[in-house]
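Structure, as C-alpha cells:
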Amino acid sequence: MPITATHDGWLIETAHTAYVLGINPAGALTHAYWGPRLPDPGDYPAPPNPGPWSAFNNPGQLTPEEYPVYADLKFIEPCLKLSFADGVRDLRLSFGATTLDPDPVPTLQITLHDPTYALVVTLHYRAHERYDLIERSATISNQGTVPVHLERVWSALWHLPTHGRYRLRHMVGRHMDEGNLRHEPLSEGVKSIESRRLSSSHHHSPWFALDRDPTAGLGPAADEDQGEVWFGALAWSGSWQIAAEVTDFGSTRIGIGLNDWDFAWRLEPGSNFTTPSSYAGYSDGGFGLMSRRWHRFVRDIILPQPSQPQPIFYNSWEATLFDVDEPSQIRLAEIAAPLGVELFVLDDGWFIGRHDDTTALGDWQPDPQKFPNGLNPLIERVNQLGMAFGLWIEPEMVSPKSALYRAHPDWVIHFPGRPRTESRNQLILNLGRPDVQDYLIAQFDQLLANHNIRFIKWDMNRNVSEPGWPDAPGAPQELWVRYIEGLYRVWGTLRSRHPQVIWQNCSGGGGRVDLGLMRLADQFQLSDNIDPTRFLLMHESFSQLWPPGITHAWVADVPEPYLSLRFRFHVSMGGVVGIGGHLARWTAAERAEATALIAQYKQIRPLIHGGELYRLRSPHAHAYSARMYVAPDQSEAVLFAFRTHLLPRTPLPPLLLRGLDPTARYQIEGQPASRSGRAWMQTGLQLDLANFESCMLRIQREA
Ligand code: DGJ
C-alpha cells in the first residue's frame with residue numbers, strides 16, 4: 001500500500017517519490033516533505049511546528065498548512081474562503097478522522113471540521129504509484145441548516161521544499177500563437193497565472209513546473225536530462241488559477257484550483273462541493289523525465305481510449321473554408337484516399353444557411369443547396385474510397401441569425417437588458433442549464449445515429465462576455481462551474497452513446513487543452529496557425545505535458561516556397577498527421593511525395609503514439625532542433641531533425657541521442673556502421689542539413 005499512517009501523519013509513496021503530511025503539535029495539518037523516495041520511513045521529517053514571529057505573525061503565517069483557510073492572523077493565499085449566513089468569515093479546521101482505501105487507486109481522505117459551524121472539509125489524496133503522481137482534491141460539506149457562501153475553493157496547495165529558491169516554467173499564448181514557454185525566477189509575492197475566460201484558454205495553460213533558481217546558490221537548475229523538477233496541473237476546462245507564492249518567510253507554494261474571479265457558490269444545507277482534481281509529481285531527471293511521466297499518465301489514465309493510435313486525416317477547412325458542397329468534397333476525397341489518408345473530415349460550412357461566419361450556428365441540419373440529399377451520399381463515397389468520415393461541430397455556440405436563437409434567445413449567457421457582445425458573430429449557449437444540455441444531447445445524438453460518422457471535431461471559437469444567468473438556480477456566478485459541468489455531461493453522454501467516434505478537441509486551435517477535457521477527447525488541434533516552424537515550437541511546448549501521439553499539427557499550404565512539403569510533413573509526423581492543403585492544387589510529384597511520407601508515417605506511428613519522447617535540442621533555443629521517440633523496450637526509435645535558418649557554413653553540432661540501451665548496438669538509417677547506444681548518446685550523430693531541411697531517421701537495435 002503506497003499510503004501509510006505514521007505516528008504523526010501519513011506517508012504517500014509512489015515508485016520513485018514521496019510526499020509526507022501530518023498533524024503538528026499545534027494540531028495543524030501540515031506539509032512535511034515532497035521529493036525523492038527515501039530508504040526508510042523514519043527518514044522523513046516530522047510535520048513542522050513553527051512558533052510566532054513577533055506581534056505581527058502568528059504561527060499560521062509560518063506553518064506550511066496543507067489546505068490553509070482564511071482565518072487567524074495570516075496573510076498567505078488561502079485555499080478556502082467562505083461566508084457563513086450570519087456574516088462570519090472565519091473558519092477554523094481541526095482534524096477529525098481519516099479513511100484509507102486501497103482500491104482502485106490508493107486513497108487517503110482526511111476530514112477536518114469547524115468547532116462551531118457544521119462545515120466539514122474532506123481532503124482527498126490519491127497515489128498513482130507507477131506514474132509517480134499524486135492527485136488531490138477537496139470536498140466542502142455544509143451539514144448545517146442554512147446556506148454557506150463559498151468565495152474561493154481551490155483543489156490543493158503544493159509546497160516546495162523549504163529554504164529553496166525556484167523558477168517557474170509555464171506556457172502562455174494567444175489565438176494563432178499558442179505554446180510559448182516562460183521560465184522565470186520567483187521571489188516574494190504572488191505570481192498568478194490564470195484564465196478568466198470560461199475556458200482553460202490559449203492565454204495560459206493550467207500546469208506549472210518548478211526547478212531550482214541557480215542564482216540563489218541553493219542548488220542547481222534542471223535541464224532536459226537532469227535536475228529536480230516539481231510539477232502539477234489542474235483537470236479543469238473552465239476558468240482556473242495557479243498562484244505561485246513566496247511568503248515573507250521564504251516558503252514557496254503553489255495554489256491551484258478554480259479561479260475565484262467573479263466566482264461564488266451557494267452551498268445549500270446538506271450539499272457538497274467537490275473541486276476538480278490537481279495532479280502533481282516530482283522528477284529528479286529534469287524536464288524530460290517530467291514529461292515522460294505525464295505522457296504515460298495521460299495515455300493510460302486520462303485519455304478515454306489509451307491504446308488507440310490516431311488516424312491520418314484530411315480536413316478540407318484550409319482548402320475550401322465555408323465553400324463546401326457535395327461535389328467539391330468528393331473531389332478532394334478522391335484525391336486524398338490514394339495518398340493513404342484514413343479519415344476525411346468535413347469542417348465548418350456544411351449546415352443550413354452557413355456560408356460564412358455570420359449565421360447558422362445552432363441549426364445542425366445539412367444545407368440543402370450544398371448537400372441536396374443530406375450528408376449520406378458524401379459519407380458513402382468517402383467510405384467506398386476506404387476512408388472513415390468525420391464532421392466539424394461547434395455545439396456550445398449559437399449565431400443570432402439562426403432558427404435556434406430565434407426560438408430560444410434566453411438560452412444564451414447574458415445579463416437581461418444589457419448588450420450581448422458578439423465575437424465571430426456568435427453567442428454562447430448557457431450549458432449550465434439542464435434544458436440546454438438535454439437539447440444538445442438530443443440534437444447530436446440524432447446526427448450521430450443517422451450518419452456513419454467516425455470522427456467529430458468539437459470546436460469552440462470565442463470566450464465569454466457578460467457572464468449572466470437570469471433565473472440561475474443558485475448564485476448566478478455558479479455559471480463558471482455549472483457551464484463546465486454541463487459541457488462534460490453533454491460531451492460525456494454523446495461519447496458513451498457513440499463509442500465508435502474519435503473526438504478532436506479544438507478551440508480555435510489549442511484554446512482548451514487541459515486534463516479535464518482530454519478525459520473526453522482523443523486528440524487536440526494545436527493551432528490555427530499553419531506555419532510549420534511555429535508548429536515546431538508548439539510541439540515542444542505542448543509536449544511538456546501532452547503525449548505527442550494526440551497532438552495534431554497541420555500539413556497545410558504555406559506561401560513560403562522554402563518550407564517544403566517534406567519539411568511540413570516531418571513536423572506534423574511528430575504528432576497526429578492531419579493534412580489541410582488544397583489537394584486539387586498539389587502537383588503529381590507532390591502527391592507522390594505525400595504518398596511516400598504517409599506510408600513512412602504508418603510505419604513509425606506506434607512509436608509516435610506509444611514511445612518515450614526525448615527532446616534533444618529545443619527549437620525555442622536552437623535553429624537546429626531534434627527529438628526522438630524511443631520504443632518502451634528500447635528496440636527501436638525514430639529521430640526527427642530540423643534546421644530552420646542558420647548562417648551558411650555553420651557546422652551542425654553532433655546530436656547526442658537519448659533513451660537508447662547503452663549496452664546494445666544500434667543501426668541508424670543512412671549511417672555506414674552500427675554503434676553502441678552509449679556511443680550514440682556520448683559522441684552523437686553527425687547530420688548535414690541545409691536551411692529549412694529536415695530528416696526522419698529510423699534507429700534499430702541489432703539482434
Ligand atoms: C477554428 C478551427 O480551429 C479551424 O480549424 C476551423 O475548424 C474553423 N474554426 C472553422 O470555423
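All ligand and atom numbering here is 1-based and tracks the order in the structure. All of these numbers come straight from a predicted model, not from anything done at the bench.
Residue D528 has at least one nitrogen or oxygen atom sitting less than 3.5 Å from a nitrogen or oxygen atom of ligand 1, judged on distance alone. Checking only distances, G509 does come within under 3.5 Å of ligand 1, N or O to N or O. Ligand 1 has a nitrogen or oxygen under 3.5 angstrom from a nitrogen or oxygen of D348.
In summary, the atoms of ligand 1 found under 4.0 Å from a heavy atom of K457, numbered by their order in the structure, are 4 (C), 5 (O), 6 (C), 7 (O). Each of the atoms 2 (C), 3 (O) of ligand 1 lies under 4.0 Å from some heavy atom of C506.
Ligand 1 has no atom lying under 4.0 Å from any heavy atom of H552. In this structure, E318 does not count as a contact residue of ligand 1, since none of its heavy atoms falls inside 4.0 Å of the ligand.
With a 4.0 Å cut-off on non-hydrogen atoms, Q525 touches ligand 1 through its side chain and not its backbone. Within the 4.0 Å heavy-atom criterion, the part of N461 lying near ligand 1 is the side chain and not the backbone. Contacts with ligand 1 closer than 4.0 Å are made by side-chain heavy atoms of R424 only, the backbone lying farther away.
Using a 4.0 Å cut-off between charged side-chain N and carboxylate O, R512 and D459 make no salt bridge. Ion pairing between a basic and an acidic side chain is recognised when a charged N comes within 4.0 Å of a carboxylate O; R534 and D177 show such pairing.
The closest side-chain heavy-atom distance from Q544 to W207 is below 4.5 Å. Annotation: side chain of L526 is in contact with side chain of F542 (closest heavy-atom distance under 4.5 Å).
Summarising the geometry, atom CZ belonging to R433 is positioned 9.0 Å from atom NE2 belonging to H408; distances are rounded to the nearest 0.5 Å. With rounding to the nearest 0.5 Å, the separation of CZ in R482 from CD in E478 is 4.5 Å.
Distance from atom 7 (O) of ligand 1 to its nearest protein heavy atom, with residue and atom name: D347 OD1, 2.7 Å.
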(request) Step by step, work out the ring pair (Phe, Tyr, Trp, His ring centres under 6.0 Å) result for F297 and Y279. (result) CA-CA 10 Å; F297 180 71; Y279 299 89; 5.1 Å; yes
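Side-chain contact, R615 with S543: a donor N or O sits under 3.5 Å from an acceptor N or O.
Nearest residue to atom 2 (C) of ligand 1 from D356, N529, V345, D459 is D459 (criterion: closest heavy atom).
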